[in-house]
Amino acid sequence: MFPALSVTLTVLLPLAAALQVNLSPRMVLYKVGDREEIKCSMSECPEEVKFSWGSLEDKPLYANYKTSPKESVLIFNSVTKDHENIIKCTAKCKDVSKQATATVRVYSFAKDPVVSGHDSLVLGVESTLSCEVTDVYPPEYMEVEWLRGDNVLHKEEGKPDTQTVRSYYTFTPQREDDREQITCRASLGIQDIPPDQSTRETTISLTILSAPSIVRVSGSTTVPVGSALSLTCEADGSPEPAFSWTFLRPDGQRVRVGETRELSFLNVSLSDAGDYECEASNKIGKRTATVTVTIPGPPTNTAISVSPNEPKEDESVTISCVSSSVTESRLVLSKLQDGADTELVSDKGPRISLPYSSASANDSGLYICKAFNDYGSQKASVQLLVQAHPLEVTLEPDLSMITLERGSVLSLSCEASGCPHPHFTWKGLEDKPRYMRNDIQTAQLNLGPVGPKDDGAFICEVKCGSVVKSKRTEVKIFSFPSHPTIESSGPSLEGEMTNLTCTVHDVFPADRFRTQWLDGEMELFSQTWSFANGLQNLSSVFSYKPNGGGHDKNISCKVSLEMDGVPAALVEKTAFITLPVHYAPRQTTITVSPQKELKEGESISISCLTDSAPEGRVILRKVLDGEETEVSSSVGVQTFFTIHSAELSDSGDYVCEAVNQYGSHRASTQISVQAPPRNTTVKVLPSTSVQEGQNITICCHSVSFPPPAIILRKLDSGIDIYSPNGTFTLINLTPNDTGLYQINVTNALGYETEVFSIHVMERLSSPPPRWNVFITPFIGLGLLTSAAVVLDYLRRARLKGFYQLSKCEPATV
Ligand SMILES: *[C@@H]1O[C@H](CO)[C@@H](O)[C@H](O)[C@H]1NC(C)=O
Ligand SMILES: *[C@@H]1O[C@H](CO)[C@@H](O)[C@H](O)[C@H]1NC(C)=O
Ligand SMILES: *[C@@H]1O[C@H](CO)[C@@H](O)[C@H](O)[C@H]1NC(C)=O
Ligand SMILES: *[C@@H]1O[C@H](CO)[C@@H](O)[C@H](O)[C@H]1NC(C)=O
Ligand SMILES: *[C@@H]1O[C@H](CO)[C@@H](O)[C@H](O)[C@H]1NC(C)=O
Ligand SMILES: *[C@@H]1O[C@H](CO)[C@@H](O)[C@H](O)[C@H]1NC(C)=O
Ligand SMILES: *[C@@H]1O[C@H](CO)[C@@H](O)[C@H](O)[C@H]1NC(C)=O
Ligand SMILES: *[C@@H]1O[C@H](CO)[C@@H](O)[C@H](O)[C@H]1NC(C)=O
Ligand SMILES: CC(=O)N[C@H]1CO[C@H](CO)[C@@H](O)[C@@H]1O
Ligand SMILES: CC(=O)N[C@H]1CO[C@H](CO)[C@@H](O)[C@@H]1O
């Protein structure tokens, strides 16, 4: 509570007891905004009083003052709460100062409470009303009360340090609160406040808003065609609801048909039958109520539909028919077939349906639904088109022809797309049992290891409903596993036939193979084959007659497979045969080195070379007295014989013979070893001492080649006699023939002489013959025939190797 005011007047005694300060008023309650004054005076002061104003707590005064000699007036032009104070007036008269105080209190309560929130109350929704009092001072002395009639609903006190005091009243409006009065009363509980200013109040009327609640929709709901009909909607709610009508058509569409409380039909038709929805709405909410208007008549809204709309084969499809009818109806679903309706299903309304669990293209067609009731009938039709699946078949590998080597494996994968449940069939599998694997979209055929039996077409046929598609691939098997081999019937003899056989094993297909016989690049013979089932061994026989040249023949047999898709490396295979061409020895030659004529002691080489196939034996022989003696022999085509130091006996004929299984061939040569005469012996027969008239034969023996010329000379006479054979006959000797004789054996290489004496004893009975008489012819003969004699000796030397005058028989002994 505001403290009780107590005023203390200090009287200064005794000096100036008479002097008194008068302050008026001394205790005041000002209203904010008013103009107020406080007067201060001193009585009994003979002279001018000096006034001064202050406050007990040195708080500013926020005021002006006006001073006259006896009085000072403190002026508050417009009171504010800052003026609340204990004001001190000091008056001084002469030396006497006296003081007086006045207590100033202030209040502000100029405006009525303002209530808000009362006009947006919603039925049943907890709401708060607020009451606000502005420019209040001192707020803590204010009390706010909510009243309904005399009933205090709620009470609240103000809080210090605000200018506005607010109070809230929260409650949940009920229907009966509508239009009820509620008062907010504010009281400022300060003493001395004029009673007419201590309380202010505001009374408001509650407005409770509520959503519409439909009471009913009225009107007759079964009416014959052509009659009038009125439907009325009744609803309460605050604010007053607005109405609208919506026709709920049987097809589900909503049609707004009215915006008034009442919906009227002057002449109902069948199409007006149905549900009508009345909507009552205000800003709080809305409610609807539905009434069904029934107009008996033929079936209506007969509709036939297909679900799904565009079915594909094998899918399930349902044909449904609905119809509206006020009275009981019957529905018949039929299909137009060959110009006539064929009833499929019938039942009572309002709906029938015909399900196909797996539609086929045959199910396509026009479907008719007919609805009947007592008032008539209605038809609807729909075209059902069951679409074929967009079946596509692919074969992997996607080749029209697949070439496969025997023994390899192949997976053919047949894939169907665009069909949910394809049915696969493999064709071309007669007696080809194979492993097959299917999943829903793929059928895989595993072939392998493949053989000639697998040659042929493989067809994957896929059926999807009425659609059948297939893919085909041609499998071509080939077999060409090994190189050909060539056999020959034997070595070939020049000019004779040899059969060559080229065989290649296990090939297929034979009709695609070609066997070629080649000599280098040149084709000799070519052969093709005809088809046969299964693997074949192909043998090509080629009769070959080697001609000329004498060399081994390099013949090849090329087998080629002429078939598409065969890897290049497998297309052809070749075999070679080197065919030895055989013949008897030929071109046999003897070569003597360095030359055929040589001197005794020199060296000589004899080589014999031949040409033969196959190689045989080469034999070198010396011919002696008609007999051949082997001196050298070798296997092969040549032989050598070397004489490091030739002797006369090495002279002679030499024969080389080359031999193989087909024959022999010879060559010969002569070799002559030359030596000067030596080992010359002279035999005088019968004796070197003979009787006159006897004959003497001189045999001269020498070793030499070429054959020597032998000259007999009577040394004392110097007469020479030649003898080709070394035999001299001295006939009918006389003593004159007695003497020294010289034999001079001479050839190109030298000579040797022997000297001997002959003694002829005189015989008196008969005259001795003349020496020179018989010598002469010898001389001539020797000179003339020397050439022939040499040849003859040479001939003989071939047989004997050298010339030896060894046979010397005396003509007479
Ligand atoms: C009702 O409407 C139908 C069709 O529009 C008409 O034939 C009939 O005469 C109308 N009846 C009345 C009472 O107006
Ligand atoms: C479709 O009709 C044809 C002929 O009418 C008949 O041969 C065929 O089997 C039918 N197909 C199906 C899937 O019913
Ligand atoms: C080669 O074949 C032919 C016929 O095929 C035959 O008459 C001849 O005797 C054969 N010759 C040889 C050397 O086998
Ligand atoms: C082919 O030759 C092989 C080996 O000589 C033999 O086993 C096979 O039976 C032959 N095939 C035919 C079809 O003659
Ligand atoms: C035969 O000829 C082929 C090529 O033409 C060659 O490779 C092969 O070495 C020849 N054989 C002989 C023995 O010459
Ligand atoms: C020559 O005579 C010598 C000695 O009498 C003898 O050794 C040699 O063999 C003879 N020569 C020939 C070729 O008779
Ligand atoms: C010597 O030779 C001649 C002629 O040949 C012959 O007539 C004669 O009888 C010979 N004398 C002797 C003694 O033999
Ligand atoms: C022997 O005869 C040859 C040739 O006629 C001659 O050169 C040589 O001197 C003769 N010898 C003697 C000893 O007379
Ligand atoms: C042994 C021999 O043949 N002697 C002959 C040598 O030559 C002479 C003359 O030509 C012949 O009369 C010999 O008979
Ligand atoms: C037969 C012959 O001619 N006799 C002769 C031998 O030699 C003497 C002398 O030299 C001659 O007088 C002979 O006539």
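Order of listing sets the numbers, starting from 1, for every ligand and every atom in it. No hydrogens, no waters, no symmetry mates; every other heavy atom, side chains included, goes into these values.
Residue contacts with ligand 4: Q536 is placed with no nitrogen or oxygen under 3.5 Å of a nitrogen or oxygen of the ligand (distance criterion only).
Within a 4.0 Å radius of atom 9 (O) of ligand 8, the protein contributes no non-hydrogen atoms.
Between F542 and W517, a ring centre-to-centre spacing shorter than 6.0 Å is recorded. The aromatic ring centres of F513 and F480 sit less than 6.0 Å apart.
Protein heavy atom nearest atom 7 (O) of ligand 8, with residue, atom name and distance: Y751 CE2, 4.7 Å. The protein atom (non-hydrogen) at minimum distance from atom 12 (C) of ligand 8 is Q742 NE2, 3.6 Å. Counting protein heavy atoms only, atom 13 (C) of ligand 4 is closest to L535 O, 3.6 Å. Atom 5 (O) of ligand 8 has as its closest protein heavy atom I711 CD1, 4.2 Å. Nearest non-hydrogen protein atom to atom 4 (C) of ligand 4 is H505 CE1, 3.7 Å. Among protein heavy atoms, atom 14 (O) of ligand 4 sits closest to N537 ND2, 3.2 Å.
Between E628 and R666 there is a salt bridge, since a side-chain N of the basic residue sits under 4.0 Å from a carboxylate O of the acidic one. Using a cutoff of 4.0 Å between basic side-chain nitrogens and carboxylate oxygens, E461 and K463 are not scored as salt-bridged.
With atom 6 (C) of ligand 8 as the reference point, the heavy atom nearest to it among V745, N747, N744 is part of N744.
Those atoms of ligand 8 with a heavy atom of R713 less than 4.0 angstrom away are 14 (O).
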Going through the distances and angles, do L412 and I402 end up as a side-chain contact (heavy atoms from CB on, under 4.5 Å)? CA-CA 10 Å; L412 285 174; I402 300 169; 3.9 Å; yes
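The backbone N or O of V760 sits less than 3.5 Å from a side-chain atom of T738, completing a donor-acceptor pair. N747 places a side-chain N or O within 3.5 Å of a backbone atom of A675 that can act as its donor or acceptor partner.
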